Amino acid sequence: MTKLTNACPLCHANDIAFYFEDKRRRYNQCNACSLVFVSSEFLPTLIVERAEYDLHENSDDDQGYRAFLQRALSPLIPLINPNDSALDFGCGPSPVLANMLKASGLSAVDTFDIFYNPDKRVFNKQYNIITCTEAIEHFHTPSREWNYFLSMLMPGGLLVIMTKRVIDKAAFARWHYKNDKTHVSFFSEATFRFLGERDGFTVEFPSNDVVLLKKL
């Protein structure tokens, strides 16, 4: 495979190779952490991103959306302590998961979203639980957000990430998930295991789109 010179946006390794190309974009893969990511020239602008997100109409009344989020919440429920603090990172325009966390017994739940709730005071706090559902695939520089998680999560804390995972090139070629122009970073089990080993997390995969990481 042809090696490229641009660094991985997650682990900053320079061992990058071409992965896939379609009519719209080119995708590279890091040979160190296995992240698949869109070449930088194809990244959407903030205006394009915001316009796409504004089309979403998720709300507390949407039972389908709540059932979707429940897949991320279910692994947490047996582990929740009522005194725990939680942050929903990338909450979107409506804090549905935050409300579900509160209904599960948590009283201290914060939210952050770069477009809809950009309250950077959360970066100066620490949490027992951080959730990030259907957001990490949108991050242009996921190393930045990952470092936020590292600094904001207490020892013994839980990080729950929901994102569909890369399996292999054949599946990627026919994968509808990559066709969303705001999806630019694609994680696999190998990527999460890399991060867990490097940064001191246990890693579990409760379902095919949820990963549960516990900070040691």
Side-chain angles (χ1 to χ4, degrees), residues 53 56-114 116-117 119 121-139 142 145-167 177 183 185-216:
Y53 304 149
H56 297 177
E57 297 181 353
N58 303 322
S59 70
D60 276 317
D61 297 328
D62 187 334
Q63 294 304 312
Y65 184 57
R66 290 176 66 88
F68 172 75
L69 293 177
Q70 188 65 39
R71 299 212 302 270
L73 183 57
S74 291
L76 277 178
I77 289 177
L79 307 174
I80 285 177
N81 183 314
N83 296 321
D84 285 345
S85 58
L87 169 69
D88 184 24
F89 191 100
C91 62
S94 181
V96 179
L97 183 55
N99 292 336
M100 293 171 68
L101 285 164
K102 292 175 183 177
S104 298
L106 297 179
S107 57
V109 182
D110 291 339
T111 59
F112 176 82
D113 190 282
I114 190 65
Y116 301 104
N117 187 29
D119 185 353
R121 290 177 295 179
V122 300
F123 298 154
N124 299 317
K125 301 174 67 174
Q126 285 197 307
Y127 298 91
N128 303 103
I129 296 169
I130 297 176
T131 58
C132 182
T133 59
E134 289 296 315
I136 200 169
E137 66 275 4
H138 299 277
F139 297 160
E145 286 83 5
W146 181 257
N147 284 328
Y148 289 154
F149 298 157
L150 291 179
S151 66
M152 292 189 291
L153 194 63
M154 295 180 185
L158 299 169
L159 171 61
V160 176
I161 295 173
M162 175 183 278
T163 187
K164 296 190 184 303
R165 297 193 291 269
V166 175
I167 299 174
Y177 201 64
H183 290 181
S185 295
F186 304 94
F187 291 67
S188 63
E189 286 193 9
T191 307
F192 287 118
R193 293 192 191 282
F194 170 90
L195 293 170
E197 182 175 351
R198 188 192 69 177
D199 295 326
F201 288 87
T202 62
V203 182
E204 299 179 14
F205 299 100
S207 67
N208 60 9
D209 60 353
V210 175
V211 56
L212 174 64
L213 303 106
K214 182 176 182 180
K215 191 174 185 180
L216 300 175

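Worth saying up front: this structure is predicted, and the values here are computed from it rather than measured. For the single chain, residues carry numbers from 1 onward in sequence order.
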*Asks:* Would you say the side chain of D84 lies within less than 4.5 Å of the side chain of L158, judging by non-hydrogen atoms?
*Replies:*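 The answer is no, as the side chains (C-beta and beyond) never meet within the 4.5 Å cut-off.
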*Asks:* Looking at side-chain heavy atoms only, is the closest gap between D199 and W146 below 4.5 Å?
*Replies:*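 A side-chain contact under 4.5 Å exists here.
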*Asks:* I'd like to know if the side chain of D62 reaches the main chain of N58, judged simply by a donor and an acceptor atom lying under 3.5 Å from each other, with no hydrogens or angles considered.
*Replies:*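 Such a contact is absent between D62 side chain and N58 backbone.
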*Asks:* Ring centres under 6.0 Å, that's the criterion: do F123 and F112 meet it?
*Replies:*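 Ring centroids of F123 and F112 are less than 6.0 Å from each other.
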*Asks:* Counting N and O atoms only, with roles assigned by atom type, does the side chain of D209 sit under 3.5 Å from a partner on the main chain of M162, one being a donor and the other an acceptor?
*Replies:*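 No, the answer is negative, given that no donor and acceptor are paired below the 3.5 Å cut-off.
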*Asks:* So with a 6.0 Å cut-off around CD1 of I167, is the heavy-atom count from everything else above 12?
*Replies:*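 Not buried by this count: 12 neighbours or fewer within 6.0 Å.
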*Asks:* Are F186 and S188 packed together at the side-chain level, in the sense that at least one heavy-atom pair is separated by less than 4.5 angstrom?
*Replies:*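 The answer is no; the side chains never approach within 4.5 Å.
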*Asks:* Is any side-chain heavy atom of Y148 closer than 4.5 Å to a side-chain heavy atom of C132?
*Replies:*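 No, too far: nothing below the 4.5 Å cut-off.
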*Asks:* Do L195 and V203 have side chains that get closer than 4.5 Å, going by heavy atoms?
*Replies:*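 A side-chain contact is absent here, since even the closest heavy-atom pair is not under 4.5 Å.
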*Asks:* Within the distance-only criterion (no hydrogens, no angle test), does the side chain of R165 pair as donor or acceptor with the backbone N or O of V210 below 3.5 angstrom?
*Replies:*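 Present.
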*Asks:* Consider side chain to side chain donor-acceptor pair (under 3.5 Å). Of T131, N117, D88, which one does T111 pass it with?
*Replies:*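 Per the side chain to side chain donor-acceptor pair (under 3.5 Å) rule, the option paired with T111 is N117, out of T131, N117, D88.
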*Asks:* Determine whether a donor-acceptor pair (N or O, by modelled atom type, separation under 3.5 Å) exists between the side chain of S185 and the backbone of F139.
*Replies:*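 Present.
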*Asks:* Inspect the surroundings of CD in Q126 and state if more than 12 heavy atoms from other residues, nucleotides or ligands are less than 6.0 Å away.
*Replies:*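 Correct, the count exceeds 12.
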*Asks:* Are L212 and L79 packed together at the side-chain level, in the sense that at least one heavy-atom pair is separated by less than 4.5 angstrom?
*Replies:*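 Yes; the side chains approach each other to less than 4.5 Å.
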